[in-house]
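In what follows, every chain begins at residue 1, and chains take the letters A, B, ... in the order their sequences are listed.
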Amino acid sequence: MEYNFKAIEEKWRKFWADNQTYKVTNDPSKPKFYVLDMFPYPSGAGLHVGHPLGYIASDVYSRYKKLQGFNVLHPMGYDSFGLPAEQYAIQTGQHPEKTTKENIARYREQLDKIGFSFDWSREVRTSSPEYYKWTQWIFNQLFDSWYNNNTDKAEAIADLVAIFEKEGNANVNAVTDQETIFSAEEWKAFDDHQKEDVLQNYRLTYLADSWVNWCPALGTVLANDEVINGLSERGGHPVEQKLMRQWSMRIKAYAERLLTGLDGLEWTESIKDIQRNWIGKSKGASVKFALKDAAEQIEVFTTRPDTIFGVNFLVLAPEHPLVDDITTPEYKDAVAEYKRLASLKSERDRQSDVKNITGQITGAKAIHPFTGAEIDIWIADYVLASYGTGAVMAVPCGDQRDWDFANHFGLEIINIFQDKDVSEAAYTEKDAIIANSDFLSGLEAKAAIEKAIEAIEAKGIGKGKTNYRLRDAVFSRQRYWGEPFPVYFVNGIPKTIATEHLPIVLPEVEKYLPTEDGQPPLGNAAVWAWDTVNNKVVSNDLIDEKTVFPLELNTMPGWAGSSWYFLRYTDPTNAEAFASKEAVDYWKNVDLYLGGAEHATGHLLYARFWTKFLFDRGFVPFEEPFQKMINQGMILGRSSFVYRNADGKYVSKGKLQGGEQPIHVDISMVENDKLDIEAFKAWRSEYANAAFILEDDGTYICGHEVEKMSKSKYNVQTPDELVEKFGADTLRCYEMFLGPIEQAKPWDTKGINGVSNFLRKLWRLFNMDENGNAQLSTEAPSKESLKTLHKTIKKINDDIERYSFNTCVSTFMICVNELSDQKCNNKEILEQLTILISPYAPHIAEELWVKLGNEAGTVTFAKLPAFNEEYLIEDAIAYPVSFNGKMRFKIELAATLTPKEVEEAVLNAPESEKYLEGKAPKKVIVVPGKIVNIVL
RNA sequence: GCGGAUGUGGUGAAAUUGGUAGACACGCUAGACUUAGGAUCUAGUACCGUGAGGUGUGCGGGUUCGAGUCCCUCCAUCCGCACCA
């Protein structure tokens with residue numbers, strides 16, 4: 001009987017669904033293993049072959065873990081809040097929820113065809129109120145927390161208030177924007193507004209007027225990582241800077257822990273580096289410079305306090321708040337003009353215009369704290385308002401940008417380095433001896449930095465300081481399709497809504513656009529006020545500012561829901577908590593996480609931040625959400641082209657003369673670069689009468705190029721077509737066979753026949769009669785076949801543990817080829833092989849499993865065949881590798897040989913006579929699987 | 001510029017700790033069988049050479065009995081960051 005993948009796959013798909021084969025329960029008697037894929041945003045385009053790549057790998061791995069006896073959590077869900085559904089709603093008026101549901105249904109249909117072992121009873125959707133109830137709850141926890149630097153963790157804001165009431169804030173060591181000190185008496189005298197203003201400076205989520213990336217075209221604020229080269233990540237619209245009142249997350253509080261936590265993670269160095277770079281830690285000192293004619297001081301941050309004697313001017317960012325105050329009358333106009341020009345420049349221009357040095361002197365003078373010299377204060381746009389203090393002390397001899405600036409404006413370059421030439425460029429290495437620097441002279445940088453900081457602190461003009469590039473994350477979006485904030489305003493004071501009244505469900509609106517007076521879309525909602533007596537959302541008409549108050553109009557950004565979804569899978573329907581303590585304690589964090597590397601500074605950073613926060617507050621027992629991560633490479637499309645020449649004829653690739661125009665053609669009409677000419681003619685009316693210049697054999701060969709998959713390039717390969725044509729098991733094996741999982745690669749179906757043949761060959765091993773009954777031998781398996789099997793078991797075990805999914809497929813092919821050559825139809829061997837192969841090809845495995853006389857649907861939970869090296873021992877052939885005082889032999893697959901056995905193998909090795917010179921070895925040193933040293 | 005990664009046949013790629021480079025598969029060539037198919041089977045297929053043999057893992061060096069693997073210089077490609085004081 002032929003291998004009928006269609007019937008087999010349909011049968012098992014139904015069986016698994018009907019029997020809930022993959023439902024997982026929290027079973028404390030088994031060790032847990034948590035395998036997670038980054039959940040997808042359900043876009044309207046559906047899945048293409050790139051999406052399942054990671055899902056297949058994670059599915060293969062989870063199935064192996066199941067075979068190894070682990071209780072495996074392998075869930076799937078949808079990150080279902082997002083822009084495209086909202087944009088579609090704006091255009092069509094269709095509710096984003098409807099679009100989202102339709103898209104999810106389509107995704108599910110596609111996913112179901114591939115035979116994943118997801119436990120769909122645990123599905124989560126970030127846009128469902130049952131889910132975002134707990135997103136809102138986490139927001140409330142952040143609102144009610146502050147970061148205590150003394151204990152180095154987040155603590156309850158109530159504890160902070162208690163401290164204020166007892167002793168004010170003088171002794172509080174917190175991550176805060178609070179600058180003024182108050183006593184307990186002063187705190188008690190504050191009114192509600194003043195108190196909240198203070199608390200806002202401590203809360204881990206807070207309202208602030210902040211410079212934000214405002215995208216007029218999208219009508220929203222974007223996070224830094226959603227802006228690429230001054231354009232929005234989505235849509236590529238221009239982004240400008242705007243001052244807005246926004247919710248922010250005090251992620252800065254976690255900068256150091258986010259940095260050190262990376263060390264324990266099994267992530268690629270490149271992702272870790274990207275996060276390290278993003279956090280951007282630099283050690284140095286802050287130094288205050290007094291002004292000659294004003295009381296204010298200018299604070300700068302420097303990583304090189306040792307070069308302070310090289311300072312001969314200061315530079316402020318044009319946006320620095322003191323600029324206008326300190327500028328002398330004669331420079332007022334020039335400074336105003338420079339500021340105007342700087343503000344006109346977009347962030348992008350400022351970045352691309354690195355070479356062009358500009359600046360303006362302000363006329364103000366600062367006093368050098370150690371030499372007492374008067375130094376000029378400039379403004380220049382190479383100094384960024386958003387980093388450090390927005391001001392730098394310029395050391396032209398030690399910093400290339402300062403050198404360039406000084407050189408351009410003809411300023412003095414003081415050399416404070418012994419025997420270093422700074423006439424052509426700054427000397428930026430830290431290995432020079434400091435000179436001309438009073439008490440620092442003669443020291444090396446490291447010692448000088450310490451001594452300089454001591455002196456600065458002794459003088460009371462600054463202190464040693466660590467600076468982070470990481471900025472607090474803006475958390476508001478002026479959009480409809482996102483989580484509403486559980487916040488209402490009493491006379492402008494934000495109040496959160498208690499857990500028992502959550503979720504605050506998105507209100508209905510007529511239009512999904514911002515309101516006419518520029519409010520976010522929720523400003524269109526008629527029923528969007530909070531009744532504090534009845535604790536429910538009521539009509540805006542009832543707002544009286546006594547018991548009924550307006551609700552927050554912003555919604556949360558896309559990363560809110562995805563920052564904690566991995567926790568929800570452990571207990572997805574819990575209405576009393578984000579997940580029960582038992583569930584979280586049992587499943588803990590994700591053991592293996594699969595997804596794209598593009599989330600390095602977004603999702604992966606925020607999820608770590610929230611997890612650390614929940615850890616601090618005692619809600620989860622771990623600090624890092626994703627222990628091991630694999631970043632699957634992007635699958636690129638392989639576009640096909642036809643070429644039209646000046647005469648309007650379509651020229652085959654081998655007949656090109658040059659100058660022909662390439663035109664994308666749908667890849668479904670092209671097979672191995674050969675164009676289906678009839679299909680092409682039928683594709684569009686304009687091609688119906690197309691004339692061709694063909695190859696000599698009468699075929700049309702298309703050109704090709706590797707590009708991102710996109711509808712407009714006609715190069716999208718959906719998994720559905722391939723499942724239809726070759727079956728899900730073939731698709732699964734082929735996607736794994738394609739190459740290393742982490743590598744980006746163009747999609748190409750050229751090799752899929754080979755994988756398809758392999759599964760057919762596997763089927764044929766079972767020697768089925770016309771009724772589909774396997775004709776198998778129950779005699780003792782041959783030595784040969786046992787060897788083949790155990791070689792395979794060993795290789796698969798090793799390869800799976802190092803996530804080498806592609807080599808496993810090759811190993812299976814070799815195994816099947818060998819068994820086929822051996823004409824092996826031994827039941828025992830084939831049963832073990834079936835188990836081994838089931839993670840890759842679950843449908844055919846279940847079918848064969850039943851044919852072997854086992855219960856339906858149980859291969860998933862079978863016991864992984866144990867490797868027995870005994871079957872390989874006869875393979876332990878030693879051969880001499882070299883001779884150098886000691887003789888070395890390579891012993892193949894000799895993992896557990898005793899020295900005696902090795903000795904025997906060595907004596908029997910080809911050519912051993914030549915090396916041993918008739919002597920038996922004195923001593924044999926065995927390192928399993930390695931070269932063996934023989935002492936003669 | 002800085003940081004990270006990669007570089008192996010016509011193609012996708014193997015080679016886990018330094019130990020027979022190119023497994024496995026695609027493609028191609030020749031053949032067998034045939035109910036003509038995108039089936040199955042056999043042989044061949046890194047390069048040069050008729051051959052013996054020689055050369056080969058981006059280039060050039062080094063360490064080693066032995067290097068695709070380790071070290072140094074350079075080149076190319078990809079990704080990330082980019083006035084970060």
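Remark: the separation of the P atoms in B/A23 and B/U45 is 10 Å, to the nearest Å. When the P atom is used for both B/A85 and B/A76, the distance is 29 Å, rounded to whole Å. To the nearest whole angstrom, the two P atoms, one in B/A25 and one in B/U42, are 11 Å apart. Using atom C1' as the reference point in both B/C41 and B/C47, the two lie 30 Å apart (nearest Å). With both ends at atom P, the span from B/A14 to B/U6 equals 12 Å, rounded to whole Å. Of the P atoms belonging to B/G19 and B/C71, the separation is 15 Å, rounded to the nearest Å. Distance check on atom P: B/C33 versus B/A21 gives 39 Å, rounded to whole Å. Rounded to whole Å, the separation between the P atoms of B/U8 and B/G58 comes to 6 Å.
Atom CG of A/Leu836 sits about 12.5 Å away from atom NZ of A/Lys795, to the nearest 0.5 Å. Rounded to the nearest 0.5 angstrom, A/Ile752 CD1 and A/Phe726 CZ are separated by 5.0 Å.
Applying the 4.0 Å criterion to OP1 and OP2 of B/C84, one finds that A/Arg304 has every side-chain N and O outside that range. Between B/G38 and A/Ser756, no contact under 4.0 Å exists linking OP1 or OP2 to a side-chain N or O. In terms of phosphate contacts, A/Asn817 brings a side-chain nitrogen or oxygen within less than 4.0 Å of OP1 or OP2 of B/A25.
With a glycosidic angle further than 90° from 0, B/G49 counts as anti.
Partner assigned to B/A5 is B/U77, using Watson-Crick or G-U wobble distances below 3.5 angstrom. With a cut-off of 3.5 Å on both pairing distances, B/G18 has no Watson-Crick or G-U wobble partner at all. Across all strands shown, B/A82 forms no Watson-Crick or G-U wobble pair with both distances under 3.5 Å. The nucleotide B/C41 finds its pairing partner in B/G31, both defining distances of the Watson-Crick or G-U wobble pair being shorter than 3.5 Å.
Remark: the A/Glu801 side chain and the A/Tyr64 side chain contain no N/O donor-acceptor pair separated by less than 3.5 Å.
RNA chain B is contacted by both A/Val809 and A/Lys795; A/Lys795 maps to the nucleotide lying nearer its 5′ end (nearest heavy atom per residue). Take the nearest nucleotide of RNA chain B for A/Ile271 and for A/Asn806: the residue whose nucleotide is more 5' is A/Ile271.
Counting non-hydrogen atoms under 4.0 angstrom, A/Pro740 reaches the backbone sugars and phosphates but no base. The residue A/Phe812 sits apart from the nucleic acid: no heavy atom pair falls under 4.0 Å. Heavy atoms of A/Gln743 sit under 4.0 angstrom from primed sugar atoms or phosphate atoms, though from no base atom. Heavy atoms of A/Arg276 sit nowhere under 4.0 angstrom from any nucleic acid atom. As judged by a 4.0 angstrom heavy-atom cut-off over every strand, A/Asn757 is placed among residues touching the sugar-phosphate backbone only. Within 4.0 Å of A/Ser810, counting heavy atoms only, lies at least one base atom of the nucleic acid. In this structure, A/Phe726 reaches the bases: a heavy-atom distance under 4.0 Å links it to at least one base atom across the strands shown.
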Next on the checklist: Using the rule given for side-chain hydrogen bond (donor to acceptor under 3.5 Å, both in side chains), can you reason through A/Ser282 versus A/Asn467, listing the C-alpha separation, both sets of side-chain angles and the distance that settles it, and then say yes or no?
Outcome noted: CA-CA 5 Å; A/Ser282 49; A/Asn467 224 7; 5.4 Å; no

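When the P atom of B/G38 is taken as reference, atom OH of A/Tyr3 falls 20 Å away, rounded to whole Å. One can place NE2 of A/His408 at 19 Å from P of B/C83, the figure rounded to the nearest angstrom. With rounding to whole Å, A/Met813 atom CE is found 13 Å from B/A14 atom C1'. The distance from atom CD1 of A/Ile752 to atom P of B/G27 is 12 Å, rounded to the nearest whole Å. Taking atom CZ of residue A/Arg401 and atom C1' of nucleotide B/A85, one finds them 5 Å apart after rounding to whole Å. The separation between A/Gln400 atom CD and B/A85 atom C1' is 13 Å, rounded to whole Å. Distance, A/Lys465 NZ to B/A85 P: 13 Å, rounded to whole Å. At whole-Å resolution of the value, CG in A/Asn753 and P in B/C26 are 8 Å apart.
Taking 4.0 Å as the cut-off between side-chain N and carboxylate O, A/Asp798 and A/Arg802 do not count as a salt-bridged pair. Ionic pairing of A/Glu735 and A/Lys745 is not present here: no N-O contact between side-chain nitrogen and carboxylate oxygen is shorter than 4.0 angstrom.
Taking only side-chain atoms of A/Ile274, from C-beta outward, the nucleotide of B/U16, B/G80, B/C41 with the closest atom is B/G80. Here the side chain of A/Asp273 is nearest to one of B/U40, B/A23, B/G4, namely B/G4. Residue A/Lys750 places its side chain closer to B/C26 than to any other of B/C26, B/G3, B/C84. Checking B/C84, B/C24, B/U40 against the side-chain heavy atoms of A/Phe737 singles out B/C24 as nearest. For A/Arg469, taking side-chain heavy atoms from C-beta onward, the closest of the listed nucleotides B/U16, B/C84, B/A85 is B/C84. Minimum atom distance to the side chain of A/Asp799 is reached by B/U16, of the listed B/A39, B/U16, B/U42. Of the candidate nucleotides B/C84, B/U40, B/A23, B/C84 has the atom nearest to the side chain of A/Tyr387. Relative to the side chain of A/Thr303, the nucleotides B/C24, B/U40, B/A85 differ in distance, and B/A85 lies closest. When the nucleotides B/U42, B/A23, B/A15 are ranked by their closest atom to the side chain of A/Asp821, B/U42 comes out on top.
Less than 6.0 angstrom separates the ring centroid of A/Phe812 from the ring centroid of A/Tyr840. Aromatic pair A/Tyr734/A/Trp747: centroids less than 6.0 angstrom apart.
The two residues A/Ile413 and A/Ala406 come nearest to each other via the heavy atoms CG1-CB, 4.0 Å.
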